[in-house]
Amino acid sequence: MTKVLVVDDDFMVAKLHGRYVSAVAGCTVVGVAHSGAQALRAVERLRPDLLLLDVYLPDMDGIQVLRELRAAEERDPSRPPVDALFITAARDAGMVRAAARAGALHYLIKPFNQAALQEQLRHVAALRARLEGLREARQEDVDQIFGPRPPGSQGLPKGLAAHTAGLVERTLRNHPAGLSASECAEHGALSRVSARRYLEYFTDTGRAEVTLRYGGTGRPERRYRWVG
């Protein structure tokens, strides 16, 4: 279970984001804070796994909050680390760079829809579950944390093309609820056989997950969802 602390100075926005979090399986809201100082105290008391962190807070900005948490982790290596996902109206590129340098997992610019936030929450939960079971990381595991390597550098198997792999990836990312191979082929203007090869490749390398859905025929349909 991923424990989430929502940090936003707007009470109604914080409440809305809390509802979004609660609707995601495997995530739970353990607290809400409306200032930087409240957030720092809540982290000490509640030990969340993830902060949904606004930049604009009444006493300090969210970047400073995250920097103080990182400094505390460096002082005490036994302290449980906390991840951060910024959810903010701040569009300044310098602010985005500062968030990345402070160690944020991602940065969502308001306004965004429920699906966008929930996709990021599922991504965080999948990363945590994957890394907690690892003793030694593969390159695919590293790519999930730091982002994909540049096109052409990922060593696609023979017969797979980087351009088509990128197309299938974008198609899955645009449909966070998941797609069947036939649906992916239709959206990407590919043959079903070709789409299936790329979907299976992404599943094998941990960047997509597959679930079975049973329809009226009684035969299971494989559905793929991007988690990388």
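The model shown is predicted, which means the values in this text are computed figures rather than measured ones.
Atoms CD and CG, on Glu68 and Leu66 in that order, are 10.0 Å from each other to the nearest 0.5 Å. Atom CG of residue Leu40 and atom CE of residue Met60 lie 5.0 Å apart, to the nearest 0.5 angstrom. If you take CD on Gln118 and SG on Cys27, they are separated by 9.0 Å, rounding to the nearest 0.5 Å. Considering CG of Asp10 and NZ of Lys110, their distance stands at 7.0 Å, rounded to 0.5 Å. The distance from the CG atom of Leu52 to the CG atom of Asp8 is 9.5 Å, given to the nearest 0.5 Å. Between the CH2 atom of Trp226 and the CD atom of Glu119 there is a distance of 10.5 Å, given to the nearest 0.5 Å.
Residues Leu51 and Val21 do not share a hydrophobic cluster, defined by chaining ILVMFWY side chains whose heavy atoms lie under 4.5 Å apart. Residues Leu57 and Leu69 are members of one and the same hydrophobic cluster, defined by side-chain heavy-atom contacts under 4.5 angstrom among Ile, Leu, Val, Met, Phe, Trp and Tyr. Hydrophobic clustering keeps Leu108 apart from Leu53 (ILVMFWY residues linked when any side-chain heavy atoms are closer than 4.5 Å, directly or through intermediates). Note on Met95 and Ile109: same hydrophobic cluster, where clusters join Ile, Leu, Val, Met, Phe, Trp and Tyr whose side-chain heavy atoms are under 4.5 Å apart, directly or indirectly. Both Leu16 and Val24 are members of a single hydrophobic cluster when ILVMFWY side chains are connected at heavy-atom separations under 4.5 Å.
Proximity of the aromatic rings of His175 and Tyr224 is defined here by a centroid distance below 6.0 angstrom, and this criterion is not met.
Checked by atom type and distance alone, the side chain of Asp61 never pairs as donor or acceptor with a backbone atom of Val55 at under 3.5 Å. Under the 3.5 Å distance criterion, the side-chain polar atoms of Tyr107 are matched with a main-chain donor or acceptor of Ala90.
Residues Leu105 and Val124 meet the side-chain proximity criterion, which asks for heavy atoms closer than 4.5 Å. Here the side chains of Leu50 and Leu85 are in contact, with some heavy-atom distance below 4.5 Å. Taking 4.5 Å as the limit, some side-chain heavy atom of Leu167 sits within range of a side-chain heavy atom of Arg170. Annotation: side chain of Ile63 is in contact with side chain of Phe86 (closest heavy-atom distance under 4.5 Å). Residues Val168 and Leu190 are in side-chain contact: their nearest non-hydrogen atoms beyond the backbone lie under 4.5 Å apart. By the 4.5 Å heavy-atom criterion applied to side chains, Arg225 and Arg122 are counted as neighbours. Residues Ser35 and Asp9 fail the side-chain proximity criterion, which asks for heavy atoms closer than 4.5 Å. For the pair Leu160 and Thr164, the minimum side-chain heavy-atom distance is 4.5 Å or more.
Counting only residues at least two apart or on different chains, the salt bridge (charged side-chain N to carboxylate O under 4.0 Å, His left out) pairs with a member in residues 189-198 are Arg196-Glu200. Contacts classified as side-chain hydrogen bond (donor to acceptor under 3.5 Å, both in side chains) and involving residues 73-88 (residues at least two apart or in different chains) are given here: Glu44-Arg79, Asp54-Thr88, Arg70-Glu73, Asp76-Ser78.
Closest approach of Pro48 and Val30 over heavy atoms only: CB-CG2, 4.1 Å. Contact detail for Val32 and Ala14: the closest heavy-atom pair is CG1-CB, 3.8 Å. When all heavy atoms of Leu5 and Ala33 are compared, the pair lying nearest together is CD1-N, 4.4 Å. Looking at every heavy atom in both residues, Ala165 comes nearest to Phe202 through O-CZ, 3.4 Å.
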side-chain contact (heavy atoms from CB on, under 4.5 Å), that's the test. Do Arg222 and Leu212 meet it? Break it down for me. CA-CA 5 Å; Arg222 294 170 68 86; Leu212 298 181; 3.6 Å; yes

Could you give me the CA-CA distance, side-chain angles and deciding distance for Glu183 and Arg223, then say whether salt bridge (Lys or Arg N to Asp or Glu O under 4.0 Å) is met? CA-CA 9 Å; Glu183 290 168 339; Arg223 297 189 66 79; 3.1 Å; yes

So Leu121 and Thr2, side-chain contact (heavy atoms from CB on, under 4.5 Å) or not? Walk me through it. CA-CA 9 Å; Leu121 291 171; Thr2 300; over 6 Å; no

Please lay out, stage by stage, how Glu169 and Leu172 fare under the test side-chain contact (heavy atoms from CB on, under 4.5 Å). CA-CA 5 Å; Glu169 176 182 338; Leu172 283 184; 6.0 Å; no

